[in-house]
Amino acid sequence: MSALAHRRFLKMHGAGNAIVVLDLRGSAERVRPAEARAIARDPGSAFDQLMVLHDPVSPGTDAFMRIYNTDGSESGACGNGTRCVAYAMLDDPAMARPAEGGRLALETEAGVLGVRRVSERAFTVDMGRPRLAWDEIPLAEPFPDTRRIELQIGPIDDPTLHSPGVVNMGNPHAVFFVERDPDSFDLARIGPMLENHPLFPERANISVAQVTGRETITLRVWERGAGLTLACGTAACATVVAAARLRMIGRQAAVALPGGELFVEWRADDHVLMTGPVALVAEGTLAPELFTGTA
Ligand SMILES: N[C@@H](CCC[C@H](N)C(=O)O)C(=O)O
């Protein structure tokens, strides 16, 4: 039987991004890709991202997080999930740990994220510095200027989408700026082709963004390993960075996603701060039958 059987989880969302939080602190267990896929398949525990808490690794941090997509792949960052984890660690009676002043330091493979509570159900995450060099995204070939790279989809002389900005926010993002409602693009069809384009050796999260004002952006996201979601925090951060680099906005914006709004600021010290809501949907227990055939 899987060591995950009977484990308690929280089902949450962050601006509509479906998040499951699973606390494995105090054990040496690790979620295998097949187990993550099994948890995602069950309607009771379905998620866009599974956030798994492990004991802290670096001194001064409160927990180490592993982040799984629905296809079982792992990501170095998840903005919406990080806010949900902060809520769980601060407020859930079974998970709660004392933390001074509603602040946490959460580590992922990509680095340490500082989280601060701003109201009962809203948090600001310091998502760290964006990485912008072509080999940091990573891209498969050199592009000296990553503000707009040569990539297009659709007819060669009238592409549907072209010249995205690319940004790594702990995970790879390509942002296509468009002049009409992002909803008018068939992202469910285009997304998988771009996610798996040979230019992205680690695949990529694909965003379609319309800058609607000096501080407002409308965004739709096809997430690597998860597909269309109602919100993606790292994509919102990547989009603000990409738009600011092109002087389409200043250094901050409210980003409207189908599931809610995120506020992003690219500070002068190069750190990207993302603020947004969390909601607790339910709690549950992982049924042992979920894991049949995952060994
Ligand atoms: N929804 C997330 C991003 C999750 C990871 C992404 N799909 C990837 O594989 O990079 C967010 O809120 O940032």
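Each ligand, and each atom within it, is numbered from 1 in the order the structure gives. Throughout, residue positions are numbered sequentially from 1 according to the sequence presented. Only a predicted model underlies this, so the values are computations on that prediction, with no experimental measurement involved.
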Proximal ligand 1 atoms for Asn80, defined as those under 4.0 Å from one of its heavy atoms:
11 (C), 12 (O)
Taking only non-hydrogen atoms of Asn17 and a 4.0 Å limit, the atoms of ligand 1 in range are 1 (N), 2 (C), 11 (C), 12 (O)
Out of all atoms in ligand 1, which are within 4.0 Å of some heavy atom of Asn69? Include the element for each.
5 (C), 6 (C), 7 (N), 8 (C), 9 (O)
Which residue and atom name correspond to the protein heavy atom nearest atom 12 (O) of ligand 1, and how close is it?
Gly233 N, 2.7 Å
Are the side chains of Glu107 and Pro56 in touch, meaning some heavy atoms are under 4.5 Å apart?
no
If you have a sec, work out which protein heavy atom is nearest atom 5 (C) of ligand 1 and how many Å separate them, to one decimal?
Ser75 OG, 3.4 Å
Within the 4.5 Å heavy-atom criterion, are Ser2 and Glu35 side-chain neighbours or not?
yes
Which is it for Met169 and ligand 1 at heavy atoms under 4.0 Å: side chain, backbone, both or neither?
neither
Between Cys78 and ligand 1, which part of the residue brings a heavy atom under 4.0 Å of the ligand: side chain, backbone, both or neither?
both
Thr146 side chain reached by Glu136 side chain, heavy atoms, under 4.5 Å
no
Given the options Leu246, Ile249, Thr218, Thr239, Val211 meets side chain to side chain contact (heavy atoms under 4.5 Å, CB included) only with Ile249
With only distance considered, is Ala77 within less than 3.5 Å of ligand 1 through an N or O on each side?
no
Under 4.0 Å from any heavy atom of Asn205, which atoms of ligand 1 are there?
6 (C), 7 (N), 8 (C), 10 (O)
Give a yes-or-no answer on whether the side chains of Thr229 and Asp48 include a donor-acceptor pair shorter than 3.5 Å.
no
Does a side-chain heavy-atom distance below 4.5 Å link Asp55 with Phe64?
no
Yes or no on side chain to side chain donor-acceptor pair (under 3.5 Å) for Thr294 and Arg37, after CA distance, side-chain angles and deciding distance?
CA-CA 9 Å; Thr294 59; Arg37 289 194 291 273; over 6 Å; no
Any N/O of Glu74 closer than 3.5 Å to an N/O of ligand 1?
no
Between Arg148 and Phe143, is NZ or CZ placed under 6.0 angstrom from the six-membered ring centre and within 45° of the ring axis?
no
Sub-4.0 Å atoms of ligand 1 with respect to non-hydrogen atoms of Asn171
5 (C), 6 (C), 8 (C), 10 (O)
N/O of Pro172 under 3.5 Å from N/O of ligand 1, yes or no?
no
Any Cys232 heavy atom less than 4.0 Å from ligand 1
yes
Test item: His173 and Arg224 side chains (from C-beta on) under 4.5 Å apart, heavy atoms:
no
